[in-house]
Each structure stands twice: as C-alpha cells, then as structure tokens.
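Report on the structure given below.
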Amino acid sequence: MTVALIEMKARLHEITLPVRDYDLDATLTSGQAFGWERGASGWMGVVTGRWVELSSGLTGIQARTVVNPGGWNWLRDFLQTEVRLAEVIRTFPADDEHLQQAVQACRGLRLLRQEPWECLASFILSSTKQIVQIRQIVQLLRERFGSPVSVREGVAPVFAFPTAAQLAGLTEADLRACKMGFRAPYLLAAARRVKAGEIDLVAIGGMELAAAREQLLRFEGVGEKIADCVLLFAYGFPTAFPVDVWVRRVLVDFYFRKRQVSPERLRRFIEKHFGPHAGYAQQYLFHHIRTMPAKKLSIPKAAP
DNA sequence: AACCAGGGAGCGT
DNA sequence: ACGCTCCATGGT
C-alpha cells in the first residue's frame with residue numbers, strides 16, 4: 001500500500017515517438033488488442049507491466065507513463081513505430097483494387113507486437129465471441145487476478161493482464177465467474193502448461209512459421225484461426241493470415257465472385273496472392289469490411 | 001453432420 | 001419487450 005502511494009506520486013515521463021501514418025484509434029480498436037480504454041486525454045493500457053497513456057500528435061505518438069526505467073524501446077516495439085508502412089503497402093499486389101481501396105479507407109492502420117501470453121490468452125477467450133465481449137472478459141480477468149500497476153494521479157486503478165503463473169493457481173470456477181463459459185478449462189490448461197514450461201512461448205518466437213504454428217495448435221482451444229492471430233499479433237510472422245468469418249466473406253466476395261470455395265483453395269489463394277506482408281493485407285481487409293457502412297456481403301457456406 | 005457449450009451486444013419485429 | 005443472430009473450438 002505504501003509502495004503504491006509512493007509510486008502514485010512518481011513523476012510523469014513523456015515522449016513523442018516520431019511516426020507518420022499511424023492511426024491509433026483504428027489500430028487499438030481493430031480486434032487485435034482488447035485491453036485499451038479511451039480516456040479523457042488518450043488511450044490507456046498496460047505494456048510490459050507499465051501503465052501508459054497514448055495520444056496522436058502532429059509529429060507522432062505522444063506517450064505518458066509514470067515508471068520508465070531504461071528508455072522507451074518496450075513501447076516502440078509494442079507499437080511497431082519503426083515499421084515503414086509505405087514499404088509494407090508497396091508489396092501489396094498493385095492490380096488488386098479491393099485491397100488498394102481498403103488501404104485508402106484507413107491509412108495508418110498498423111499491426112501491434114503484443115506479449116505472447118496476453119495475446120494467446122486473449123484469443124483463446126475470443127472464440128465465438130465478439131470484440132465487445134472479449135473486452136469485458138479481459139477486463140474482469142485483469143481486475144480480479146492481475147497485478148495493480150502505478151498510474152497517473154486521478155486515474156482509476158489499472159491492473160496488468162494476469163500472468164500464466166497467476167492464472168495457473170486458480171480454479172475453473174474462478175475463471176467461469178469472468179463469463180468466459182466453456183473457454184475456462186482451455187485458458188486454465190494453457191496457463192498451467194505455460195507455467196510448467198511444457199510449451200515455451202519464448203522459444204516459439206525463434207521458430208520457423210510452420211513449427212511455431214504447430215506448437216500453438218497444441219493448446220486446447222486453439223485452432224487455425226486463433227493460432228494465426230497469435231503468430232501475427234504477438235510473434236510478428238508477416239505472412240500469418242487469420243481467416244475468420246469476416247475475412248472469409250470479404251475474400252469470397254472480392255476474389256471468387258461469391259462462388260463457393262474450399263478452405264484449401266482459399267489457403268492457396270492467400271499464399272500466392274498477398275505477398276510477403278499478407279498479414280497486413282488481412283488487417284486492412286478486416287478493418288475495411290467491419291467499418292464499411294452496411295456493405296452487403298454474401299454469407300458463403302463452407303464448401304464440402 | 002448437426003448441435004451444444006455460455007454470453008451479451010445489436011439488430012429486427 | 002422479445003426473439004433472433006453473431007462468433008470459431010472441441011466434443012458428442
């Protein structure tokens with residue numbers, strides 16, 4: 001308690017990370033991260049255990065935090081401000097009007113580089129949930145089981161996403177009380193396997209894409225889609241391409257003229273069409289289709 | 001193969 | 001006010 005009070009009075013640290021073409025709103029609400037809250041003076045969240053408040057300025061992203069040992073690389077890494085977005089977009093197929101249009105619709109949408117455990121756990125919770133509900137579950141988990149972090153004076157208490165070790169000691173009932181339903185045993189098992197070192201989340205970062213995916217698929221509650229989310233959003237594999245119902249719809253509509261497509265054929269198309277930054281292309285298509293006003297899309301059935 | 005598990009936002013009626 | 005749909009994993 002004493003420690004918390006002392007830290008509350010810690011000096012505010014500020015920096016502007018120079019970056020152009022960075023749409024913070026779109027990036028933090030585009031279904032890749034679930035722990036950010038829009039406050040009066042910016043987006044508040046927790047990155048590597050540090051509370052941080054972000055806002056967009058003329059020359060870049062302004063960041064404020066209260067404890068800041070050793071520079072700002074933890075934040076540069078999370079936000080991926082060093083990524084040259086124009087160079088990423090230049091690799092997209094030039095003759096793909098749909099993709100180019102999606103890019104134009106949201107210049108500055110970025111991919112974050114999240115912490116593997118938080119990302120994995122969040123996406124285990126995401127299955128058959130919508131973004132709003134995932135946010136609610138994550139918030140409950142943080143409040144109940146996460147460690148408190150120091151915040152700026154006047155800001156309501158904030159908690160870090162609970163570590164695997166913190167969750168591993170809980171019961172399934174504890175987790176179900178956070179409204180995650182049938183996902184509770186999956187999250188609990190994942191926490192215990194990570195804590196025990198049975199699956200090494202750090203080691204996955206050094207693997208080839210296929211081997212990394214294989215490791216992630218060992219977790220119960222992790223299928224192809226969720227594995228691809230973690231590969232893209234936490235490990236930064238640039239060709240990981242999560243296909244959920246929205247992305248499937250947009251792909252079938254745009255590239256297959258609403259004809260039925262088998263999952264294998266879709267997979268082959270993605271691999272050859274979108275290039276070395278396919279994951280970024282996926283993010284633009286996803287965001288575009290989610291924000292387009294009442295765009296009519298077919299609802300394709302899965303091919304046999 | 002079709003359905004369920006659990007949940008709440010966000011529709012349309 | 002009420003019912004219906006959404007959503008993506010694993011088990012029956």
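For clarity, every value in this text was computed on a predicted model and none was experimentally measured. In what follows, every chain begins at residue 1, and chains take the letters A, B, ... in the order their sequences are listed.
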Go through A:Glu143 and A:Gln139 one step at a time and tell me if the side chain to side chain donor-acceptor pair (under 3.5 Å) criterion holds.
-> CA-CA 6 Å; A:Glu143 287 170 1; A:Gln139 181 61 27; 2.7 Å; yes

Is the shortest distance from a Lys or Arg side-chain nitrogen in A:Arg290 or A:Asp244 to a carboxylate oxygen in the other one below 4.0 Å?
-> no

Which value, in whole Å, describes the distance between the P atoms of nucleotides C:dC4 and B:dC4?
-> 13 Å

Between residues 115-139 of chain A and DNA chain C, which residues have a heavy-atom gap below 4.0 Å?
-> A:Ser127, A:Thr128, A:Lys129, A:Gln130

A:Leu141 CG to B:dG7 C1', straight-line distance once rounded to whole Å | 15 Å

Rounded to whole angstroms, how far apart are CE on A:Met180 and C1' on C:dA8?
-> 17 Å

Is a side-chain donor-acceptor pair under 3.5 Å present for A:Arg64 with A:Ser55?
-> yes

Using the test ring-ring contact (aromatic ring centres under 6.0 Å, His included), find all partners of A:His277 that sit at least two apart in sequence or belong to another chain.
-> none

Measure from the side-chain heavy atoms of A:Ile226 and tell me the nearest of C:dA8, B:dG6, B:dG8.
-> C:dA8

Take atom C1' in C:dT5 and the same atom in B:dC3, then report the distance between them in whole Å.
-> 16 Å

Over how many whole Å does the gap from A:Glu220 atom CD to C:dG10 atom P extend?
-> 8 Å

Distance in angstrom units between A:Arg249 CZ and C:dT5 C1', rounded | 10 Å

Following the transitive rule for hydrophobic clusters with a side-chain heavy-atom cut-off under 4.5 Å over Ile, Leu, Val, Met, Phe, Trp and Tyr, establish whether A:Leu125 and A:Val132 coincide in one cluster.
-> no

Taking NZ from A:Lys225 and C1' from C:dC7, how many angstroms apart are they, rounded to a whole number?
-> 9 Å

Between atom CG in A:Leu217 and atom C1' in C:dA8, what is the gap in whole Å?
-> 13 Å

Tell me: CD of A:Glu172 to C1' of B:dG6, nearest whole Å?
-> 12 Å

What interatomic distance, in whole Å, is found between P of B:dG6 and the corresponding atom of C:dC2?
-> 23 Å

Paired with A:Val46, the side-chain contact (heavy atoms from CB on, under 4.5 Å) test is passed by just one of A:Val158, A:Val52, A:Val151, namely A:Val158

Check step by step if side chain to side chain contact (heavy atoms under 4.5 Å, CB included) holds for A:Trp117 and A:Leu120.
-> CA-CA 5 Å; A:Trp117 167 249; A:Leu120 171 67; 4.2 Å; yes

Ignoring backbone atoms, test whether A:Trp246 places a side-chain nitrogen or oxygen under 4.0 Å from the OP1 or OP2 oxygen of C:dC7.
-> yes

List, with names and distances, any nitrogen or oxygen atoms from the protein found under 3.5 Å away from nitrogen or oxygen atoms belonging to nucleotides 1-3 of chain B.
none

Start at the 5' end of DNA chain C and walk down; is the nucleotide closest to A:Phe219 or to A:Arg183 reached first?
-> A:Arg183

What distance separates A:Ile270 CD1 from A:Phe241 CZ, expressed to the nearest 0.5 Å?
-> 4.5 Å

To the nearest angstrom, the OH-P distance between A:Tyr186 and C:dA8 comes to 15 Å

Note: A:Arg38-A:Asp25 ion pair, threshold 4.0 Å (strictly below) | yes

